[in-house]
Visitor: 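Just passing along the structure, written as C-alpha cells.
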2 protein chains.
Amino acid sequence: MLDIVRSNNDETQSGAARVFTFFRDRLLAGELRAGDRLLPERELALALGVSRPVLREALRSLAMLGLLDIQHGRGAFVRAADASVLGQALTLCLAPEPNILDDVLQARIAIECQAIRLACERASERDLQAIAGTLDTLVDSLDDPERGGPADYAFHSAIVRASNSGSLMKIYEAISPLLMQSHVERRRDTFREPAITTHLVDAHREVFLSLARRDPDAAERRLREHFLIGDDLRRKNLISTYQPKEQHS
Amino acid sequence: MLDIVRSNNDETQSGAARVFTFFRDRLLAGELRAGDRLLPERELALALGVSRPVLREALRSLAMLGLLDIQHGRGAFVRAADASVLGQALTLCLAPEPNILDDVLQARIAIECQAIRLACERASERDLQAIAGTLDTLVDSLDDPERGGPADYAFHSAIVRASNSGSLMKIYEAISPLLMQSHVERRRDTFREPAITTHLVDAHREVFLSLARRDPDAAERRLREHFLIGDDLRRKNLISTYQPKEQHS
DNA sequence: GGTCAGTCCGTGGTCTGACCAGTATAACTT
DNA sequence: AAGTTATACTGGTCAGACCACGGACTGACC
C-alpha cells in the first residue's frame with residue numbers, strides 16, 4: 001500500500017528526489033495531463049509513504065520548474081509545459097558567458113533561417129495570411145517605437161510558427177526573452193533612425209514574398225540580408241556615436 | 001538583521017519562492033559562483049528570516065534545477081550551470097508534441113548550419129585541427145557501429161564548438177540527448193548499410209573542406225546535402241523494409 | 001424568491017522541536 | 001606514529017500544531 005515511490009526508483013535517491021522523479025516520469029509518460037488536480041498534500045504524503053515536508057519539497061521543486069501550479073486553499077494542478085521555463089534555464093546557463101545579448105542573436109538567426117525553409121514547404125494559407133497580417137501592423141506602427149518592437153517580433157514569430165516545427169518554436173520562445181532584452185538595448189541606438197525604418201518594411205516584405213513563393217533559398221537569403229543590414233546599421237550608429245570621443249582612450 | 005529576503009522581493013511571493021528567486025538572482029548576478037559553499041541550513045534559515053522547512057523547499061528546488069549540489073553531511077555547494085538542465089527542460093516541454101524525435105532534427109540542422117557559417121569566420125587553427133581529428137576517428141570506426149555513433153556526434157559537435165557561440169553550443173548540447181535517442185532509433189534502420197558508410201566519409205570530408213576554405217555558403221550547402229541524403233537513405237530503407245508487407249493494411 | 005453576509009471545512013503555508021544519518025575532525029589508544 | 005574511536009557539524013526526516021486562503025453551504029435580510 002505504501003512505498004509507491006520506492007518501488008519504482010533507485011534506492012540511492014532520497015525522499016524528495018524520488019518523489020520528484022516519480023512525478024516527472026508520470027508527466028513525461030502522459031499519465032498526468034495539464035489541468036489534472038493532485039491529491040491533497042496530506043493524503044499524497046500518506047499514499048507515497050513520505051512525510052509532508054518531504055513531499056512539499058518535491059512539489060515545490062516541480063512548481064518552480066513550472067510543471068505544477070500550486071494554489072493556496074485550492075490545490076495543486078498540473079500545468080502545461082511552458083517555454084518560459086526553458087527560457088529561464090537558458091538564461092541561467094548562459095549567464096556566465098560574456099556577450100550573451102549579442103550572441104543569442106546567432107541562435108535567433110539559426111532558428112529563423114531553418115524555420116523559413118521549412119515554412120516554404122509546410123506553411124498553410126492561414127499561416128501566410130497570419131504573417132501578412134503582422135506585416136500590416138508593422139507598417140501601421142512604423143512611427144510608434146512602443147508598438148514597432150512587438151510588431152517586429154510578431155512577424156518573425158509568425159514565420160517560426162509557420163514552420164510547423166515544435167522544436168524550433170519552443171527554442172525560439174525560449175530565447176525570445178533574451179532577444180527582447182537585447183532588442184531594447186539596441187533600440188537605444190537605432191531609435192527613430194530614418195534609414196532604418198525606411199528599409200525595415202521593404203526587407204520584411206521581401207522576406208515574406210520569397211516565402212509566399214515557396215522559394216527556400218531566396219527566403220533564407222533575404223532573411224540573412226535583413227539580419228546583416230540590421231547589424232550594419234547598428235554598428236554604423238555605434239561608430240558615429242563614439243567617433244567624436246574616440247581620442248579619449 | 002532578519003528579512004534579508006523580504007526586503008529584496010515582492011511581497012506577493014511567499015516563503016520558498018522568495019528564497020528561490022533570491023538565490024537565483026545572486027547566481028545570475030555572479031555574486032555566487034561555482035564551488036562556493038552555502039551556510040548551513042539552520043544558520044541560513046535564521047539569516048533569511050524563514051524556517052528551515054521553507055528554506056529547504058527553496059534549496060531543494062535549486063538542487064533539482066542543477067544549480068546546487070547538496071551533499072549529506074557536508075553542505076550545499078553552488079554548481080556550474082550545466083546544459084543537462086536545459087536538456088531536461090526541453091524534453092519536458094517537447095514531451096506532449098508528436099514526433100519529437102524526428103522534429104528535433106530540424107533544430108539540429110538549424111544550429112549546425114548557422115554554426116558552420118560562424119565557424120568559417122571564427123574557427124581557429126586549433127578548432128580546425130580538432131575537427132580534422134574527429135574526422136580521422138570517424139574513418140577508423142567505420143566498421144564499428146558502437147564507436148561510429150559517438151564519432152559522428154563528435155564531428156558535428158566540434159563544428160558547433162568552432163562557431164565560438166555560447167548560445168549555439170548550449171542549445172546544441174541541450175538537444176543532443178534527444179538527438180542521441182533519435183539516432184539509436186534510426187540506426188536500427190540503417191545498420192551497416194554499405195551505401196551509407198561509403199557516402200558518410202565523403203560527405204563529412206566535403207563539409208570539413210568547405211569549412212577549412214572558409215566558404216560559408218559552400219559549407220552550409222554541403223551540410224544540408226549531408227542531412228538530406230541521410231534523410232533520403234533512411235526513407236528508402238524504411239520503404240524497402242515495409243514494401244513486402246504493404247498489402248497487409 | 002433572490003441576494004448578501006457569515007460560518008465552516010478543506011486546502012496549502014508555516015513553524016517548532018526533535019531525532020536520524022552521513023562526514024570530518026580531534027582526541028585517544030595502541 | 002598510526003590506527004581507532006568519540007564528538008561535533010552537516011543535511012535528511014519526521015510529527016504535530018497552527019495560520020491563511022478559497023469555496024461552499026447556510027442563514028438572515030431585503
Side-chain angles (χ1 to χ4, degrees), chain A residues 1-23 32 34-79, chain B residues 1-23 32 34-79:
Chain A
M1 175 162 65
L2 301 181
D3 294 340
I4 298 175
V5 174
R6 203 175 312 269
S7 60
N8 282 346
N9 291 282
D10 306 14
E11 303 294 332
T12 62
Q13 293 187 64
S14 48
R18 271 202 314 270
V19 180
F20 179 85
T21 59
F22 172 79
F23 280 110
L32 286 173
D36 288 358
R37 178 181 169 178
L38 267 52
L39 284 105
E41 290 183 355
R42 292 164 177 86
E43 299 178 33
L44 211 48
L46 195 63
L48 266 48
V50 296
S51 70
R52 209 177 144 213
V54 168
L55 176 78
R56 277 183 59 81
E57 286 174 17
L59 293 187
R60 182 67 74 181
S61 299
L62 291 162
M64 295 296 180
L65 266 168
L67 299 173
L68 239 47
D69 186 14
I70 304 180
Q71 297 178 27
H72 191 168
R74 297 197 56 204
F77 302 85
V78 177
R79 181 149 62 178
Chain B
M1 176 162 62
L2 302 181
D3 293 342
I4 297 176
V5 175
R6 203 176 313 267
S7 62
N8 283 345
N9 291 284
D10 305 18
E11 301 294 331
T12 62
Q13 293 188 63
S14 48
R18 271 203 313 272
V19 179
F20 179 85
T21 59
F22 171 79
F23 280 110
L32 286 173
D36 288 358
R37 179 182 168 177
L38 267 51
L39 284 112
E41 291 184 355
R42 293 163 176 87
E43 299 178 32
L44 213 48
L46 195 63
L48 266 48
V50 296
S51 71
R52 209 177 142 211
V54 169
L55 176 79
R56 277 182 61 82
E57 287 174 17
L59 293 187
R60 184 66 78 180
S61 300
L62 291 162
M64 294 297 180
L65 266 166
L67 299 174
L68 239 47
D69 187 14
I70 303 180
Q71 297 179 27
H72 191 169
R74 298 197 55 204
F77 303 83
V78 177
R79 183 149 59 178

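Chain letters run A, B, ... following the sequence lines, proteins first and then strands; every chain starts at 1.
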Visitor: What N/O pairs connect the protein and nucleotides 16-21 of chain C at under 3.5 Å? Give each pair on its own line.
Guide:
residue	atom	partner	partner atom	Å
C/dA18	N6	B/R52	NH1	3.4
C/dA21	N3	B/H72	NE2	3.0

Visitor: Nearest 0.5 Å, please: how far is CZ in A/R79 from CG in A/L65?
Guide: 10.5 Å
Visitor: Compare every heavy atom of B/F77 with every heavy atom of B/G35, then report the nearest pair and how far apart it is.
Guide: O-CD2, 3.9 Å
Visitor: Walk me through whether B/L38 and B/F23 qualify under side-chain contact (heavy atoms from CB on, under 4.5 Å).
Guide: CA-CA 10 Å; B/L38 267 51; B/F23 280 110; 4.1 Å; yes
Visitor: Which atom pair, heavy atoms only, marks the closest approach of A/V54 to A/G15?
Guide: CG1-C, 3.7 Å
Visitor: For B/R74 and D/dG11, what is the distance between atoms CZ and P respectively, to the nearest whole Å?
Guide: 11 Å
Visitor: Compare every heavy atom of A/A16 with every heavy atom of A/A58, then report the nearest pair and how far apart it is.
Guide: CB-O, 3.5 Å
Visitor: Report the distance from atom CD of B/E43 to atom P of D/dC9, rounded to the nearest whole Å.
Guide: 10 Å
Visitor: Any salt bridge (Lys or Arg N to Asp or Glu O under 4.0 Å) involving residues 60-73 of chain A? Give me the pairs, sequence neighbours left out, ordered by first then second residue.
Guide: A/R60-B/E57
Visitor: Over all heavy atoms of both residues, which pair between B/I70 and B/L59 is shortest? Give the atoms and the distance, please.
Guide: CD1-O, 3.9 Å
Visitor: Which residue pairs satisfy the side chain to side chain donor-acceptor pair (under 3.5 Å) criterion with at least one member in residues 42-51 of chain A, sequence neighbours excluded?
Guide: none
Visitor: Using every non-hydrogen atom in the two residues, find where A/L68 and A/V78 come nearest and quote the distance to one decimal.
Guide: CD1-CA, 4.1 Å
Visitor: Using whole Å, report how far CG of A/L44 lies from P of C/dG13.
Guide: 13 Å
Visitor: Give, for atom CG of A/L32 and atom CZ of A/F22, the distance between the pair rounded to the nearest 0.5 Å.
Guide: 8.0 Å
Visitor: Among residues 55-63 of chain B, which residues get a heavy atom nearer than 4.0 Å to DNA chain D?
Guide: B/R56, B/R60
Visitor: If the condition is side-chain hydrogen bond (donor to acceptor under 3.5 Å, both in side chains), which residues does B/R52 pass it with, not counting sequence neighbours?
Guide: B/E41
Visitor: What is the distance, to the nearest angstrom, from the CD atom on B/E41 to the C1' atom on D/dT10?
Guide: 8 Å
Visitor: Measure from CZ on A/R18 to C1' on D/dG12 and round the result to the nearest Å.
Guide: 11 Å
Visitor: Looking at residues 64-71 of chain B, who's got a heavy atom less than 4.0 Å off DNA chain C?
Guide: none
